[in-house]
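Below: one structure, written as structure tokens.
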Amino acid sequence: MSLTLSASITRRIKPSRALLVEHPFGLTMGDLHDDATHVAILDEMLAAAERIQRAGTLEALPFEWTKDDLRSRQLRKEAS
Amino acid sequence: MKSFADVERDYIREKLLPDFEFESYDEPSRVNALGRPVSTGTVALVVTAGAYLAGEQERFRRSKEGDPSFRELPHDVDLARIGLSHGGYDTRRALDDVDVVFPLRALRTLERSGRIGAAAPRHYSFMGYAIETDVLRDNGREVARRLRSDAVDLALLVPA
């Protein structure tokens with residue numbers, strides 16, 4: 001069961017089943033010490049592993065990064 | 001508007017490898033159905049954070065070719081012993097809480113709550129930039145073999 005930060009890269013690789021989370025690179029599971037979000041994302045992966053049967057499925061998770069514009073700058077290669 | 005995959009490809013071509021292109025596949029990998037509910041299954045983590053045991057294992061190589069190797073990390077490891085070596089994200093930030101890219105603490109929480117049957121005794125890290133995809137593929141197969149030998153039912157793949 002895959003998690004991805006980039007839908008466009010995952011559509012090239014086509015893992016059997018994947019969940020998209022639009023967090024910054026290097027903060028995949030959410031903010032530092034945000035244990036509730038880290039656990040919630042893993043829990044979504046567990047549920048998806050039981051639910052998704054169609055190969056190549058890519059679903060977006062509802063988590064959002066609202067703290068700053070780090071992800072937007074990373075997507076423009078202006079931050080790491 | 002260019003996709004992130006195109007932005008990343010063009011960045012790597014400009015900075016590192018002029019003929020770089022992502023691997024791509026026409027058909028998806030097949031689904032391996034779970035043989036049991038996750039509540040009774042064994043779950044492992046496979047991450048691309050560049051995680052390694054500081055002072056015991058080699059750091060991942062940071063070069064224009066990247067590094068296709070992997071590191072094996074025990075489930076009971078102290079997260080403070082985890083190092084991160086990766087050229088593609090700010091590892092200094094993640095070192096303040098390795099769980100953001102190697103969610104071992106979160107997996108332990110799910111194990112304690114009974115959401116999963118058990119966590120695997122060993123987890124694995126790659127570093128998410130590697131040009132030698134043939135070696136990477138062989139190493140992926142070796143990790144799969146080790147996961148099977150630990151009777152893992154589900155591997156959760158987490159990027160960085």
Side-chain angles (χ1 to χ4, degrees), chain A residues 1-58 65 70-80, chain B residues 2-11 14-15 21-34 37-39 41 43 45-49 84 86-94 96-97 99-103 105-107 109-110 113 115-116 128 153-160:
Chain A
M1 182 71 226
S2 300
L3 191 63
T4 176
L5 294 160
S6 168
S8 58
I9 291 176
T10 297
R11 289 192 186 102
R12 294 178 186 222
I13 303 304
K14 297 182 181 61
S16 59
R17 43 200 169 182
L19 297 178
L20 171 68
V21 60
E22 294 187 311
H23 283 161
F25 296 93
L27 290 168
T28 310
M29 305 303 293
D31 205 358
L32 304 170
H33 310 292
D34 181 359
D35 286 7
T37 299
H38 302 183
V39 170
I41 291 174
L42 278 196
D43 189 59
E44 291 277 4
M45 295 181 77
L46 297 172
E50 291 185 315
R51 184 185 73 251
I52 296 174
Q53 302 297 325
R54 186 171 59 83
T57 298
L58 171 59
W65 184 262
L70 176 59
R71 178 174 166 88
S72 299
R73 289 186 290 120
Q74 288 176 334
L75 292 177
R76 297 192 300 268
K77 302 301 290 182
E78 295 172 1
S80 62
Chain B
K2 289 203 294 189
S3 69
F4 178 70
D6 292 337
V7 171
E8 183 79 336
R9 178 202 61 206
D10 292 348
Y11 180 85
E14 179 186 341
K15 301 289 186 184
E21 185 54 271
F22 283 106
E23 288 266 338
S24 64
Y25 298 87
D26 294 330
E27 298 296 328
S29 302
R30 67 183 170 89
V31 171
N32 290 312
L34 287 172
V38 295
S39 59
V43 179
L45 296 174
V46 180
V47 306
T48 57
L84 299 170
H86 196 305
Y89 72 95
D90 186 347
T91 55
R92 293 168 301 178
R93 184 177 54 224
D96 192 34
D97 181 12
D99 204 61
V100 295
V101 289
F102 180 39
R105 190 171 69 244
L107 188 69
T109 297
L110 291 165
S113 72
R115 179 68 173 90
I116 62 173
D153 297 292
L154 175 64
L156 302 179
L157 312 183
V158 177

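Computed from heavy atoms alone, side chains included, the values below leave out hydrogens, waters and symmetry copies.
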Does B:R92, at its CZ atom, have more than 12 non-hydrogen atoms belonging to other residues, nucleotides or ligands within less than 6.0 Å? no

Quick check: are there more than 12 heavy atoms from other residues, nucleotides or ligands sitting under 6.0 Å from CD of B:E27? no

Is there a side-chain contact between [X] and [Y] in this structure, where contact means two heavy atoms from C-beta onward sitting under 4.5 Å apart?
| X | Y | answer |
| --- | --- | --- |
| B:L107 | A:L42 | yes |
| A:H23 | B:V100 | no |
| B:R93 | A:L70 | yes |
| B:V31 | A:R54 | no |
| A:V39 | B:L110 | yes |
| B:V7 | A:L75 | no |
| B:D99 | A:M29 | no |

Among the options [options], pick out the one with the most heavy-atom pairs lying under 4.5 Å from chain A.
| options | value |
| --- | --- |
| B:D26, B:T109, B:V38, B:D90 | B:V38 |
| B:D96, B:T91, B:V47 | B:D96 |
| B:S3, B:A94, B:P103 | B:P103 |

Engaged part of [X] at the chain A interface, taking heavy atoms whose separation is under 4.5 Å:
| X | answer |
| --- | --- |
| B:R30 | backbone |
| B:Y25 | both |
| B:V46 | neither |

Measure the [atom1]-[atom2] distance between [X] and [Y] for me, rounded to the nearest 0.5 Å.
| X | Y | atom1 | atom2 | result |
| --- | --- | --- | --- | --- |
| B:L156 | A:M45 | CG | CE | 4.5 Å |
| B:K2 | A:S8 | NZ | OG | 11.5 Å |
| A:R51 | B:L34 | CZ | CG | 12.5 Å |
| B:Y89 | A:Q74 | OH | CD | 11.5 Å |

Segment of [X] engaging chain B (4.5 angstrom heavy-atom cut-off):
| X | result |
| --- | --- |
| A:S6 | side chain |
| A:A47 | both |
| A:D31 | backbone |
| A:I52 | backbone |

Between A:T28 (side chain) and B:V101 (backbone), is there a donor-acceptor pair under 3.5 Å? no

Electrostatic pair A:R11-B:D6, nearest N-O below 4.0 angstrom: no

Under 4.0 Å between a Lys/Arg side-chain N and an Asp/Glu carboxylate O for A:K77 and B:E8? yes

Can you name the nearest heavy-atom pair linking [X] to [Y], along with the distance?
| X | Y | answer |
| --- | --- | --- |
| B:P28 | A:P15 | CB-O, 4.3 Å |
| B:R105 | A:H33 | NH2-CA, 4.2 Å |
| B:E23 | A:R12 | O-CB, 4.0 Å |
| B:A160 | A:L5 | C-CD1, 3.6 Å |

Against chain B, work out which of A:G56, A:A55, A:A49 has the most heavy-atom pairs shorter than 4.5 Å and name it. A:A55

